[in-house]
Trainee: 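This structure is in structure tokens; I'll ask about it shortly.
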Amino acid sequence: MSNAAAPATEGPDRSDAPAHVAIIMDGTGVGRRARLPRAEGHRRGVEALRRVVRASHELGIRYLTIFSFSSENWSRPASEIGDLFGLLRRFIRNDLASLHRDGVKVRIIGEREGLESDICALLNEAEELTRDNTRLTLVVAFNYGSRQEIAKAAQKLAREVAEGKRDPSTIDAETLGAHLDAPDIPDPDLIIRTSGEQRLSNFLMWQAAYSELVFVPIHWPDFDKAALEGAIAEFARRERRFGGLVAKTAS
């Protein structure tokens, strides 16, 4: 993702909607707070994702990024990791055909090295099958950490310098941004975090430089179109400032 303009995506003309919404789906597996067993919370979280993907197109959003599995999540109990991976497998196997039919393009960001071979195959299949779709781009941050993403981009540039392919003086913010996981996708206009927590948790820290942040008390399994509309309404009431300039979020 970068500030560069991306190709237009087909969708409803909703000038008040942010082009790119990113969501930290928090509260899915916190059984005590969400009052759901973890496995059931994760299952309902998948249902919430289906609702939000559908609502995003209806509301005129062109890019939807979801934080599905953090690189820090490996510290969770093995049983919970197994549940999360099982849900990913079922989501892709059960929903990929309908996403493709609905014109959704799937993009994956994050580290794939070290993942089980069938998971990698499913992620590749999702991207390949939907590559030419234009209705909505669904970016799945899986095994993703923003610090790791930035470090990896810096390593690429360091190798180019070491190999004599680049002068260090040519490295600026735009250059580093172009070496991130998805430089062709615009930065998020709006980042939503559910469950009431108020932090980014190593999610899109570079890309979030000028994003509007909205924190909602709703747990992810209960998040729906109305909640998404509420976050967008909050976004539309704000004045966006880019280095001192003021830009209204809605006309």
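These numbers were taken from a predicted model, which means no experiment stands behind them.
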Trainee: Consider only side-chain N and O atoms of Thr175 and Asp172, and report whether a donor and an acceptor are under 3.5 Å apart.
Mentor: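 The criterion, which ignores hydrogens and geometry beyond distance, is satisfied for Asp172 and Thr175.
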
Trainee: Got a sec, which residues hit side chain to side chain contact (heavy atoms under 4.5 Å, CB included) with Glu125, two or more places apart in sequence or on another chain?
Mentor: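 Checked Glu125 against side chain to side chain contact (heavy atoms under 4.5 Å, CB included); matches are Leu96, Leu122.
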
Trainee: Please answer whether the main-chain N or O of Asp102 pairs with a side-chain N or O of Arg135 as donor and acceptor at a distance below 3.5 Å.
Mentor: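 Yes; at least one donor-acceptor contact below 3.5 Å.
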
Trainee: List in chain and number order the residues that pass side-chain hydrogen bond (donor to acceptor under 3.5 Å, both in side chains) with Gln198, two or more places apart in sequence or in another chain; answer none if no residue qualifies.
Mentor: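 For Gln198 there are no side-chain hydrogen bond (donor to acceptor under 3.5 Å, both in side chains) partners, ignoring immediate neighbours.
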
Trainee: Applying ring-ring contact (aromatic ring centres under 6.0 Å, His included), can you list everything that pairs with Phe215, at least two apart in sequence or on another chain?
Mentor: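 Testing Phe215 for ring-ring contact (aromatic ring centres under 6.0 Å, His included), a comparison that skips the adjacent residues, returns none.
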
Trainee: Using a 3.5 Å cut-off and no angle test, enumerate the donor-acceptor pairs between side-chain atoms of residues 154-161 and protein atoms at least two apart in sequence or in another chain.
Mentor:
residue : atom : partner : partner atom : Å
Glu160  : OE1  : Arg166  : NE           : 2.7
Glu160  : OE1  : Arg166  : NH2          : 3.2
Glu160  : OE2  : His179  : NE2          : 3.2

Trainee: Quickly, which of Ile191, Leu190, Ile192 forms a side-chain contact (heavy atoms from CB on, under 4.5 Å) with Leu213? Name it, please.
Mentor: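 Answer to the side-chain contact (heavy atoms from CB on, under 4.5 Å) test with Leu213 among Ile191, Leu190, Ile192: Ile191.
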
Trainee: Mind checking what makes side-chain hydrogen bond (donor to acceptor under 3.5 Å, both in side chains) contact with Asn94, not counting sequence neighbours?
Mentor: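 Here no residue qualifies.
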
Trainee: With heavy-atom distances below 4.5 Å as the criterion, would you say the side chains of Val21 and Val52 are in contact?
Mentor: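 Sidechains of Val52 and Val21: no contact.
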
Trainee: Apply salt bridge (Lys or Arg N to Asp or Glu O under 4.0 Å) to Glu113 and list each qualifying residue two or more places apart in sequence or on a separate chain.
Mentor: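 Expected list: none.
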
Trainee: Just checking, is any N or O donor in the side chain of Arg193 or Ser201 under 3.5 Å from an acceptor N or O on the other one?
Mentor: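 The criterion, which ignores hydrogens and geometry beyond distance, is satisfied for Ser201 and Arg193.
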
Trainee: Taking atom CG of Leu228 and atom CD of Glu58, what is their separation to the nearest 0.5 Å?
Mentor: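 Reported to 0.5 Å precision, the distance equals 10.0 Å.
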
Trainee: Who are the side chain to side chain contact (heavy atoms under 4.5 Å, CB included) partners of Asp118, not counting sequence neighbours?
Mentor: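 So Asp118 forms a side chain to side chain contact (heavy atoms under 4.5 Å, CB included) with Arg89, Arg93, Glu116.
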
Trainee: What residues, two or more places apart in sequence or in another chain, satisfy salt bridge (Lys or Arg N to Asp or Glu O under 4.0 Å) together with Arg147?
Mentor: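 Partners of Arg147 under the salt bridge (Lys or Arg N to Asp or Glu O under 4.0 Å) test: none.
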
Trainee: Distance alone, cut at 3.5 Å: any donor-acceptor contact between the side chains of Asn133 and His100?
Mentor: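 Note: Asn133 and His100 side chains meet the donor-acceptor criterion.
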
Trainee: In chain order, what residues pass the side-chain hydrogen bond (donor to acceptor under 3.5 Å, both in side chains) check against Asp132, with sequence neighbours excluded?
Mentor: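 Once residues adjacent in sequence are excluded, Asp132 has no partner under the side-chain hydrogen bond (donor to acceptor under 3.5 Å, both in side chains) criterion.
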
Trainee: Can you sort out the partners of Asp224 under side chain to side chain contact (heavy atoms under 4.5 Å, CB included), two or more places apart, ordered by chain and number?
Mentor: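 Per chain and number, Asp224 pairs via side chain to side chain contact (heavy atoms under 4.5 Å, CB included) with Arg51, Ala226, Ala227.
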
Trainee: Could you check whether any side-chain N or O of Asn143 sits under 3.5 Å from a backbone N or O of Glu111, counting only pairs where one atom can act as donor and the other as acceptor?
Mentor: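 Indeed, once roles are kept as given, a pair shorter than 3.5 Å links the two residues.
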
Trainee: Given the rule in the side-chain contact (heavy atoms from CB on, under 4.5 Å) test, do Leu204 and Phe67 qualify, once you have shown the distances and angles that lead to the verdict?
Mentor: CA-CA 9 Å; Leu204 301 181; Phe67 201 7; over 6 Å; no

Trainee: Is the backbone N or O of Gly110 less than 3.5 Å from a side-chain atom of Asp181, with the two atoms forming a donor-acceptor pair by type?
Mentor: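 Present.
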
Trainee: Can you check whether Ile92 reaches Leu123 side chain to side chain, under 4.5 Å on heavy atoms?
Mentor: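 With C-beta onward as the side chain, the pair touches.
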
Trainee: List for me each residue that meets ring-ring contact (aromatic ring centres under 6.0 Å, His included) alongside Phe142, sequence neighbours excluded, and say none if there are none.
Mentor: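 ring-ring contact (aromatic ring centres under 6.0 Å, His included) check on Phe142 returns Phe69, Phe85.
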
Trainee: Counting only N and O atoms by type, is there a donor-acceptor contact under 3.5 Å from the side chain of Thr130 to the main-chain atoms of Val106?
Mentor: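 At least one qualifying donor-acceptor pair exists.
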
Trainee: Would you call the rings of Tyr63 and His20 parallel, tilted or perpendicular if under 30° counts as parallel and over 60° as perpendicular?
Mentor: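 Correct class here is tilted.
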
Trainee: Quick one: does Ser211's side chain have a donor or acceptor within less than 3.5 Å of a partner on Pro188's backbone?
Mentor: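 Yes.
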
Trainee: Would you say the side-chain atoms of Asp167 pair up with the backbone N or O of Ser169, donor to acceptor, closer than 3.5 Å?
Mentor: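 Side chain of Asp167 to backbone of Ser169: a pair is present.
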
Trainee: Any chance you could measure Lys165, atom NZ, to Thr170, atom OG1, to the nearest 0.5 Å?
Mentor: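 Between atom NZ of Lys165 and atom OG1 of Thr170 there are 13.5 Å.
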
Trainee: Got a salt bridge between Glu47 and Arg50, using NZ or NE/NH1/NH2 to carboxylate O under 4.0 Å?
Mentor: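 Salt bridge absent between Glu47 and Arg50.
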
Trainee: A quick test of your reading: do over 12 heavy atoms of other residues, nucleotides or ligands sit less than 6.0 Å from CD of Glu174?
Mentor: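 Check fails, neighbour count at 12 or below.
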
Trainee: Assess whether a salt bridge exists between Arg238 and Glu234, defined as any Lys/Arg side-chain N lying under 4.0 Å from an Asp/Glu carboxylate O.
Mentor: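 Looking at Arg238 and Glu234, the cut-off is met.
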
Trainee: Would you check if the side chain of Thr194 reaches a backbone N or O of His219 as a donor-acceptor pair within less than 3.5 Å?
Mentor: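 Here the side-chain-to-backbone pair does not exist.
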
Trainee: Would you please name every residue forming a salt bridge (Lys or Arg N to Asp or Glu O under 4.0 Å) with Arg54, sequence neighbours left out?
Mentor: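 With neighbours one apart ignored, the set is empty.
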
